[in-house]
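When a residue number appears, it is its place in the shown sequence, counting from 1.
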Amino acid sequence: MAQITIENLSFFYPKAKEPAIQNVSMKIHRGEFVVLCGKSGCGKSTLLRNIKPAICPFGKKEGMVLWNGETIEEVDEKLQAQKIGFVMQSPEHQLVTDKVWHELALGMENLGYPQHEIQVRVAEISEYFGITDWYEQKVDLLSGGQKQLLNLAATMVLNPEILILDEPTAQLDPIVAEHFLDTLKKINDDFGITIILSEHRLNYVLPMADCAIIMDQGKVVHQGPVSEVLMKNLDSEFMKLMPYPAQIYYDVTKDRSGLMPISIKQGREWMESKSRRGTVGAVNREEKKQSMISCKNIWFRYTRDGRDILRDLSIEMKQGEIFAILGGNGTGKTTTLSVLSGLYRPYRGKVRIDGKVTYLPQDVQTLFCRDTVEKELEDVPEDLVKLLELQKLRSHHPYDLSGGQQQKLGLAKVLATSPDILLLDEPTKGIDGIYKEQLGKILVELKKQGKTIILVSHDIDFCGEYADRCGLFSRGNIVSAGPVRSFFAGNSFYTTTINKMAGKVLVGAVKKEDVLCFLTEDNTISSPL
């Protein structure tokens with residue numbers, strides 16, 4: 001018998017004319033690692049929340065969700081809380097106490113466990129997740145990655161049978177995200193806990209999965225083993241959702257044999273067996289452009305007696321360029337954008353801005369103040385509404401949108417102000433590969449119009465494809481910066497998927513006579529044949 005059975009499930013948000021999910025049917029068996037993917041707004045989050053009634057959104061539900069053959073609503077609430085764990089996209093939204101140890105103990109306390117059992121279970125889980133060293137810390141002092149790991153550990157304290165995770169790495173830097181996903185795989189392997197994961201970072205997570213489910217417009221369009229799902233989508237737009245090794249392999253070979261690489265390791269083995277090298281000229285060109293933003297020796301702290309978040313930061317951004325800021329959680333990237341936007345003033349140093357600045361914050365919900373998308377779009381040109389595919393969402397409440405749809409709505413609002421300088425904090429958070437390509441084209445077009453774009457991002461592949469320059473942030477300052485090519489030539493870990501596949505630094509892919517070629521840091525071309 002399947003652990004989770006979903007039969008003809010549909011769900012309507014209030015005032016919505018179309019269902020968010022429609023006639024969804026599937027079975028998930030005990031111990032499976034299931035990855036749920038699809039375009040932003042396809043219904044992934046709505047589906048996941050319908051599996052756990054305590055957090056199911058308000059609206060009209062049709063169909064059934066069965067857990068071990070029993071209708072989920074009929075399952076005792078205490079048993080639901082114990083056996084079905086849920087980790088949300090935003091780490092802060094799930095934390096409710098002041099200290100790490102109390103967050104770990106809270107679930108068991110609420111369910112009335114004896115104090116001795118709570119102490120033993122919390123100590124055990126702390127050791128398993130490696131969080132003993134920050135056991136006594138205040139929750140608000142943790143990094144984003146630590147907060148999300150704490151959410152996972154607090155869920156695991158209750159010994160769940162199922163773990164549901166909705167874009168859990170969306171706000172984590174690439175290295176922390178990989179560690180988090182490794183932990184999920186370890187939990188799945190060690191304890192046989194069923195993992196149901198919604199995720200856009202498929203390069204790393206799909207090789208772990210037993211089953212992939214693709215959704216589109218509220219429906220399940222494909223479900224099965226990862227290789228099978230890949231082969232069914234070779235010539236569809238959903239191929240852009242798949243791992244980069246698979247995309248590159250198929251773009252080059254058009255091979256339908258089913259031998260497609262999914263992981264970075266498999267992609268590297270294929271490239272090494274098929275590559276050749278030839279010299280090409282250097283491509284970096286420096287153009288003289290007007291300086292739009294200049295920061296010199298910036299120091300900033302949030303409180304008078306607090307620690308310095310920005311430390312002697314100096315940087316310049318020019319007109320008509322896309323500058324990407326990379327780095328770990330808590331290093332000062334978002335604070336930098338807040339200073340550039342004028343939200344905060346540094347206590348030392350100078351900031352010079354030449355032009356109108358608009359800021360898309362990481363928490364895009366802070367931009368929404370109306371009760372419908374239509375009202376939020378009152379000042380947005382219709383062509384922009386259509387470009388961002390928001391026209392069918394007009395009747396929705398902004399908070400009922402998926403994370404990716406909220407990103408689109410926020411971008412529409414800031415672009416409608418016609419800025420000279422656009423500050424974007426995690427603009428690809430929670431969005432799919434198809435929309436990422438659309439967003440990249442939008443940014444390139446804005447650059448051609450002379451707009452200056454500064455984006456903070458954990459999406460290294462996106463930055464590698466669309467940015468002109470990148471900077472690596474660490475401990476309140478930029479420790480390295482330069483054109484994309486030279487920037488990635490100096491990095492071993494903050495580098496693109498193609499670079500990892502190649503075993504040497506690559507800075508892009510170009511077409512030559514319909515063959516995909518890879519540009520390396522030593523001015524050579526590696527061309528799989």
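- With Asn151 contributing its side chain and Pro91 its backbone, the two residues share a donor-acceptor pair below 3.5 Å.
- For the pair Leu411 and Leu360, the tightest heavy-atom approach, listed with the atom from each and the gap, is N-CD1, 3.8 Å.
- A distance of 12.0 Å separates OG of Ser40 from NZ of Lys429, quoted to the nearest 0.5 Å.
- In terms of heavy-atom proximity, Met242 sits nearest to Asn203 at O-OD1, 4.4 Å.
- Lys413 contributes atom NZ, which lies 12.0 Å from atom CG of Leu384 (distance to the nearest 0.5 angstrom).
- Within the 4.5 Å cutoff, the side chain of Asp400 has no heavy atoms near those of the Lys15 side chain.
- Here the closest heavy-atom approach between residue Ile51 and residue Ile164 is recorded as CG2-CD1, 3.6 Å.
- From Glu426, atom CD reaches atom CD1 of Ile431 across 10.5 Å, with rounding to the nearest 0.5 Å.
- Salt bridge status for Lys232 with Glu228: present, with a side-chain N to carboxylate O gap under 4.0 Å.
- Rounded to the nearest 0.5 angstrom, Lys44 NZ and Glu167 CD are separated by 6.0 Å.
- Remark: the backbone N or O of Pro398 is paired with a side-chain donor or acceptor of Gln406 at under 3.5 angstrom.
- Here the side chain of Gln148 pairs a donor or acceptor atom with the backbone of Met88 at under 3.5 angstrom.
- Gln89 contributes no side-chain N or O that, together with a main-chain N or O of Ala170, makes up a donor-acceptor pair within less than 3.5 Å.
- Other residues, nucleotides and ligands contribute at most 12 non-hydrogen atoms within 6.0 Å of the NZ atom of Lys27.
- Here the straight-line distance linking atom OH of Tyr244 with atom CD of Glu465 works out to 6.0 Å at 0.5 Å rounding.
- With salt bridges taken as basic N to acidic carboxylate O contacts below 4.0 Å, none links Glu382 and Lys386.
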Notebook entry, point to check: How far apart are the C-alpha atoms of Val24 and Asn50, what are their side-chain angles, what is the distance that settles it, and do they pass the side chain to side chain contact (heavy atoms under 4.5 Å, CB included) test?
Noted result: CA-CA 11 Å; Val24 172; Asn50 269 274; over 6 Å; no

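- Remark: the backbone N or O of Ser395 is not paired with any side-chain donor or acceptor of Glu374 at under 3.5 angstrom.
- Taking each heavy atom of Pro57 and Phe11 in turn, the nearest pair found is O-CZ, 3.3 Å.
- Of the possible polar contacts, none joining the Asp432 side chain to the Gly38 backbone as a donor-acceptor pair under 3.5 Å is found.
- Looking at Asp459, Thr428, Asp461 one by one, the single match for side-chain hydrogen bond (donor to acceptor under 3.5 Å, both in side chains) with Lys436 turns out to be Asp459.
- Under the 3.5 Å distance criterion, the side-chain polar atoms of Thr71 are left unmatched by any main-chain donor or acceptor of Glu73.
- For CD of Glu18, the number of neighbouring non-hydrogen atoms (other residues, nucleotides, ligands) closer than 6.0 Å is 12 at most.
- Between the side chain of Asp173 and the backbone N or O of His458, no donor-acceptor pair lies under 3.5 Å.
- Shortest non-hydrogen contact noted between Val484 and Cys463 is CG2-O, 4.3 Å.
- Expressed to the nearest 0.5 Å, how far CG of Asn68 lies from CD1 of Ile162 amounts to 7.0 Å.
- Atom OH of Tyr399 is surrounded by more than 12 heavy atoms from other residues, nucleotides or ligands within 6.0 Å.
- With a 6.0 Å cutoff to the six-membered ring centre and a 45° limit on the axis angle, Lys254 counts as a cation-pi contact of Tyr250.
- Dense packing is recorded around CD of Gln3, with more than 12 heavy atoms of other residues, nucleotides or ligands lying under 6.0 Å away.
- In this structure, Lys52 contributes its side chain and Ile84 its backbone to a donor-acceptor pair below 3.5 Å.
- Under a cut-off of 6.0 angstrom, the local environment of NZ in Lys99 is crowded, with over 12 non-hydrogen atoms contributed by other residues, nucleotides or ligands.
- Here the side chain of Asn329 pairs a donor or acceptor atom with the backbone of Gln171 at under 3.5 angstrom.
- Around NZ of Lys219, the count of heavy atoms belonging to other residues, nucleotides or ligands within 6.0 Å does not exceed 12.
- Residue Met260 comes nearest to Gln266 through the heavy atom pair O-OE1, 4.4 Å, listed as atom of the first residue, atom of the second, then distance.
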